[in-house]
Asker: 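I'd like to ask you about the structure that follows.
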There are 2 protein chains.
Amino acid sequence: MKKRPTINDIAAECGVSLSTVSLVLNNNPRISEKTRLKVLAAVEKYQYQPNTQARALASRSSRSLSVIVPQLNHVFADIYFGEIVSGIYDAACEAEYKVMLDIANDKFVSSQEYINLMKSRRADAMLFIASSISDDYLKVFETARYPFLLVNHFFPDSSLNYITLDYEDSAMQASDHLVNLGHRVIGVIAGTNTYTGLQFRDTFIDHCVGKGLKRKDITAVDGGRDWSQEDGYRAAEQLLAAHPKITAIMAGNDRMAVGAMSYVHSRKLKVPGDVSVIGVDDIPTARFSNPPLTTIQHPLYELGRLACEQVLAMFRNDIERYQEVVPVKLVIRESTGPVNKDRL
Amino acid sequence: MKKRPTINDIAAECGVSLSTVSLVLNNNPRISEKTRLKVLAAVEKYQYQPNTQARALASRSSRSLSVIVPQLNHVFADIYFGEIVSGIYDAACEAEYKVMLDIANDKFVSSQEYINLMKSRRADAMLFIASSISDDYLKVFETARYPFLLVNHFFPDSSLNYITLDYEDSAMQASDHLVNLGHRVIGVIAGTNTYTGLQFRDTFIDHCVGKGLKRKDITAVDGGRDWSQEDGYRAAEQLLAAHPKITAIMAGNDRMAVGAMSYVHSRKLKVPGDVSVIGVDDIPTARFSNPPLTTIQHPLYELGRLACEQVLAMFRNDIERYQEVVPVKLVIRESTGPVNKDRL
DNA sequence: ACACAAGGCTAAAACGCTTGACCTTGCTGT
DNA sequence: ACAGCAAGGTCAAGCGTTTTAGCCTTGTGT
C-alpha cells in the first residue's frame with residue numbers, strides 16, 4: 001500500500017462513484033448530507049489530498065498567480081516590494097491561491113515568459129510590480145485578454161490595467177511641507193525609470209514653482225535604477241556639489257533618503273539643522289533612522305491586497321478593466337525642520 | 001480558431017504522432033534532426049506552449065518548489081529572508097523551477113498544509129527558512145520521506161535535513177573582537193526562538209568566559225520574536241537599565257543592532273565612543289547605518305542557492321540526507337572601538 | 001393508476017501530456 | 001541469405017481529476 005490514495009480509492013471505500021466524491025470535495029449541494037459525511041470520513045481515514053495537477057487540468061485553473069518584480073539587486077530583500085508582496089500573499093491565501101514569484105530579467109523577457117506563463121496555464125493571473133518605463137513588451141496585454149494588472153506603475157495613454165499610489169499628491173504634500181518650513185533651495189533625488197517616479201519629480205518641481213520658488217533653485221538628479229541607499233548617497237553628493245546652498249533634499253523613496261542623510265552626515269552637516277531630508281514610502285526603518293525620517297506614507301501592503309483581489313476578479317471574469325489611484329499621507333518626524341538662516 | 005493549440009495540433013501540422021512532438025519538446029535524442037526542426041517550426045508557427053498541468057500530471061513533477069517562511073510582521077519585507085529567497089529563486093530559475101511562497105501561520109500549521117503540499121503534489125520539494133524552535137510539527141519529516149530541507153535552522157538530536165550558517169563560529173569571532181578591544185562588561189541581545197539563536201548566545205557567553213570575563217558581567221536579554229529594530233531598541237534599553245556600565249552590545253542580527261544603536265543615541269551616548277555595537281548578517285544597510293556597523297558577514301544569498309540545489313537533488317533522488325554548516329566572517333566597520341576607560 | 005418533477009447519484013467524455021513497449025526500415029557481419 | 005541490431009517512430013495506456021447529460025428512485029398531485 002505504498003501508493004498515494006486517489007479519488008478512486010475513496011469512492012471504492014464508500015461504495016459510491018468517483019463523481020460523487022468529486023462533488024463532495026467541491027461542496028456541490030446536490031449530494032445528501034449522509035453521503036457527504038461518509039465520503040469525508042473516508043477522506044480523513046486515507047488522509048486523502050486531491051492531486052493539484054489533475055484538478056488544475058480538468059478545471060482549467062491552476063489556483064496560482066504570478067507576481068513579477070523588476071530585476072533589481074536582490075529584489076526580494078527590498079522592503080518596498082516586500083510590503084506589496086505581503087499584501088498580495090495575504091489576499092491570495094484568503095482566496096486559496098498560491099503565489100509564484102518571478103523576476104523580469106533578460107531571460108524572462110526574451111523568452112516571453114510573461115506570455116508563456118498564461119499560455120501554458122501555469123498561472124491564472126499576473127501581477128507586475130513597479131515595472132520599468134522601458135518595459136514596452138507589456139503592451140501585448142493591451143490586446144491579449146489575460147488577467148493582468150500593473151501594481152504601482154502605469155503607462156501613459158495605455159489601456160493597461162493598473163493600480164497605483166497617488167504620486168502626484170505625494171509630491172504636492174512634500175512640496176507644501178518643505179516650502180512651509182521656509183526652504184527655497186531644494187534638491188530632488190528622483191527615480192527616473194518609472195512613470196510614477198517621473199510624475200512625482202515633475203509634479204514636485206511644478207508645485208514648488210507654483211508656490212513661488214525659482215525653478216533654477218530646484219535641482220533634480222537621477223537616483224539611479226535601484227532606488228537604494230547607495231544611490232541616495234551618491235545623488236546627495238552630486239546635489240551638494242552642484243548647489244552647496246541646498247537646504248532641503250526630497251528623495252523619491254525612503255531608502256534614498258536614508259542614503260542622502262548618510263552623505264549629509266559625512267560632510268559634517270546636521271539633519272535637519274543644515275539640511276532637511278524627506279522621503280517617500282514610510283518603510284519601517286524610517287522611524288529608526290537617525291534622525292527619524294519625515295516621509296509620505298504609502299500603504300504598500302494594502303495596495304498589494306487590493307491588487308490581488310482585483311486581478312483574481314479579472315480571472316473570474318467579474319471585471320474587465322481596472323484603473324485605480326490610492327491616497328497617501330504626510331508623516332512628520334525629525335529629519336525636516338525650519339530652514340537654517342545661516343545657510344541662505 | 002479561438003482555442004489554444006495542443007500537442008495534437010502540432011503533431012497534425014507536421015504529420016507525425018503526438019509522441020514525437022512530446023519527445024522533441026523533451027529533447028529526447030531518439031528523434032532525428034530533420035523531424036526535430038520540422039516540429040520546432042510548427043511550435044513556433046502556432047506559438048505553442050505545452051500545458052503545464054497536463055505535463056505535471058503525466059510526468060509526476062510540478063516543477064515548483066515551496067518556500068516557507070515564519071509568520072513575522074510583513075516577512076517578505078525582511079531583508080534577512082529576502083536575501084535567502086533571492087538565492088533560492090536564482091537557483092530555481094536555473095533548474096527551470098518556479099518558486100511558491102508560503103507563510104507558516106496558524107492556518108498553514110493547523111490545516112497541515114506543510115504535508116498536504118506534498119500529498120497533493122503541488123510542490124516537488126519544500127524549503128523551510130529559519131523556522132521557530134516551537135515548530136515541532138516539522139518532525140513528521142523525520143519519517144515521511146519527502147524532499148525537505150531546513151534553511152538556517154536545525155533541531156538538535158533530529159535527523160531532519162538542514163543547511164545552516166556557522167552560528168558558533170560567528171559567536172566566537174564576535175567575542176574575540178570585543179574582548180580584544182578591551183570590553184569586559186557586555187550586553188547580549190539574542191533571538192531565543194530559534195536553536196541557532198540560542199546556540200549563538202550560549203557560545204558567545206561561554207567563549208567570553210573562556211577568555212577571562214566574569215559571567216556576571218555578561219548580560220543577555222531576549223530580543224523578541226521579530227528580531228527587528230524595535231526589538232533591538234527595547235532590548236538595549238533593558239540592557240542599559242540593568243547594567244549601566246555596559247561598554248559593548250552584541251546583537252543577534254544587524255537589525256537589532258541598528259535598533260540598539262538608535263537607543264544608545266537616544267541616551268546621548270556615542271557609538272562606539274561610549275558603547276560599541278556589533279551585529280550579525282551584514283545586510284546591505286549595515287554599511288549605511290550611522291556609524292557603519294561592525295558585523296559578522298553571513299552569506300545568506302549563497303545559503304539560499306545551495307539549499308535550493310540540494311533540495312532539488314533530493315527530489316531527483318540524487319541524495320537522501322543532507323546536513324551542512326556554512327562558514328562566516330567578521331567585517332569590521334565603525335560601530336566598534338576600544339573600550340572607553342572613563343566608563344569602566 | 002399514472003404522468004411528472006425533484007433529488008441523488010453515476011457514466012463517461014474530456015483535460016493535454018509522458019513514457020515504456022513495440023514496430024519498421026536499413027545496415028552489419030558472417 | 002539472414003539473424004541481429006540500431007535508429008527513428010508510433011501506440012496506447014496511463015496520470016487523477018472535473019463536469020455534464022442522463023439514469024433511477026421516490027414522492028406528489030390528479
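Order of the sequence lines sets the chain letters (A, B, ...), proteins ahead of strands, with each chain counted from 1. Computed over heavy atoms, backbone and side chain alike; hydrogens, waters and symmetry mates excluded. What you are looking at is a predicted structure, and each value in this text was computed from that prediction instead of being measured.
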Asker: To the nearest angstrom, how far is B:Q53 atom CD from C:dC17 atom P?
Answerer: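 It is 11 Å, rounded to the nearest whole Å.
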Asker: Rounded to the nearest angstrom, tell me the gap between atom CG in B:L18 and atom P in C:dT18.
Answerer: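 Taking CG of B:L18 and P of C:dT18, I get 9 Å after rounding.
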Asker: Rounding to an integer number of Å, can you tell me how far B:R4 CZ sits from C:dG16 P?
Answerer: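 The answer, rounded to whole Å, is 9 Å.
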Asker: Between atom CG in B:D9 and atom P in C:dG16, what is the gap in whole Å?
Answerer: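 Computing the B:D9:CG to C:dG16:P distance gives 9 Å.
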Asker: Below 4.0 angstrom, which residues in residues 31-45 of chain B have at least one non-hydrogen atom near DNA chain C?
Answerer: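 Heavy-atom contacts with DNA chain C come from no residue of residues 31-45 of chain B; none.
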Asker: Hey, can you tell me if A:F141 and A:Y146 have their rings parallel, tilted or perpendicular (30° and 60° cut-offs)?
Answerer: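 Answer is perpendicular, since the angle exceeds 60°.
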Asker: Are there more than 12 heavy atoms of other residues, nucleotides or ligands under 6.0 Å from atom CZ of A:R225?
Answerer: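 Atom CZ in A:R225 is not crowded, with 12 or fewer foreign heavy atoms closer than 6.0 Å.
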Asker: Could you tell me the separation between the NZ atom of B:K98 and the CG atom of A:L101, rounded to the nearest 0.5 Å?
Answerer: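 Nearest 0.5 Å value for the NZ-CG distance: 9.5 Å.
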Asker: Measure up the B:F76 and A:Y89 rings against each other and bin them: parallel (under 30°), tilted (30 to 60°), perpendicular (over 60°).
Answerer: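 The arrangement is perpendicular - the two ring planes meet at more than 60°.
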Asker: Nearest to the side chain of A:R60, heavy atoms from C-beta on, is which of D:dT17, D:dT10, C:dC15?
Answerer: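 It is C:dC15.
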Asker: Heavy atoms under 4.0 Å, any strand shown: does A:T6 hit a base, just sugar-phosphate, or nothing?
Answerer: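 A:T6: backbone/sugar contact only, no base atoms under 4.0 Å.
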Asker: Are more than 12 heavy atoms, taken from residues, nucleotides or ligands other than A:D136, located less than 6.0 Å from that residue's CG atom?
Answerer: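 Yes, enclosed.
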Asker: Rounded to whole Å, please give me the gap between CG in B:N26 and C1' in C:dG20.
Answerer: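 Distance, rounded to whole Å: 14 Å.
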Asker: Between A:V21 and B:V16, which is nearer to the 5' end of DNA chain D once each is assigned its nearest nucleotide?
Answerer: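 Its nearest nucleotide being more 5', the pick is B:V16.
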Asker: Taking CG from B:N8 and C1' from C:dA14, how many angstroms apart are they, rounded to a whole number?
Answerer: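 Going from CG in B:N8 over to C1' in C:dA14 covers 12 Å.
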Asker: Of all the nucleotides listed (C:dT10, C:dT18, D:dG16), which has the minimum atom distance to the side chain of B:L57?
Answerer: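 Closest nucleotide to the B:L57 side chain: D:dG16.
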Asker: Whether the B:E324 and B:Y322 side chains hold a donor-acceptor pair (N or O, under 3.5 Å, no angle test) is what I'd like checked.
Answerer: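 On atom types as modelled, these side chains qualify, holding a pair under 3.5 Å.
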Asker: May I ask you to evaluate whether B:R55 reaches the phosphate of C:dT18, defined as a side-chain N or O under 4.0 Å from OP1 or OP2?
Answerer: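 Looking at the OP1 and OP2 atoms of C:dT18, one of them is under 4.0 Å from a side-chain N or O of B:R55.
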Asker: Rounded to whole Å, please give me the gap between OH in A:Y46 and C1' in D:dG16.
Answerer: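 One finds 17 Å between C1' of D:dG16 and OH of A:Y46, rounded.
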Asker: Is A:E320 salt-bridged to A:R145, cutoff N-O under 4.0 Å?
Answerer: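 Yes.
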Asker: Across the strands shown, which category fits B:L23 at heavy-atom distances under 4.0 angstrom: base, sugar-phosphate, nothing?
Answerer: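 It contacts base atoms.
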Asker: Check whether any side-chain N or O of B:S22 sits under 4.0 Å from OP1 or OP2 of C:dT18, and answer yes or no.
Answerer: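 It does, given that an N or O in the side chain of B:S22 lies less than 4.0 Å from OP1 or OP2 of C:dT18.
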Asker: Parallel, tilted or perpendicular, judged at 30° and 60°: which one describes the rings of A:F108 and A:F128?
Answerer: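 If you compare the ring of A:F108 with that of A:F128, the planes turn out perpendicular.
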Asker: Checking contacts here: which listed nucleotide (D:dA12, D:dG14, C:dC15) is nearest the side-chain heavy atoms of B:A58?
Answerer: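 Between D:dA12, D:dG14, C:dC15, the one nearest the side chain of B:A58 would be D:dG14.
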Asker: Where the side chain of B:P50 is concerned, which of D:dC11, D:dG16, C:dC17 is the nearest nucleotide?
Answerer: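 Selected nucleotide (nearest to the side chain): C:dC17.
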Asker: Does a distance-only test, which skips hydrogens and angles, find a donor-acceptor pair under 3.5 Å between the side chain of A:S19 and the base of C:dA11?
Answerer: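 Present.
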Asker: Would you say A:N51 places a side-chain N or O within less than 4.0 Å of OP1 or OP2 belonging to D:dC15?
Answerer: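 No, because none of the side-chain N or O atoms of A:N51 sits under 4.0 Å from OP1 or OP2 of D:dC15.
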Asker: Rounded to whole Å, please give me the gap between CZ in B:R121 and P in D:dG16.
Answerer: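 In whole Å, D:dG16 P lies 7 Å from B:R121 CZ.
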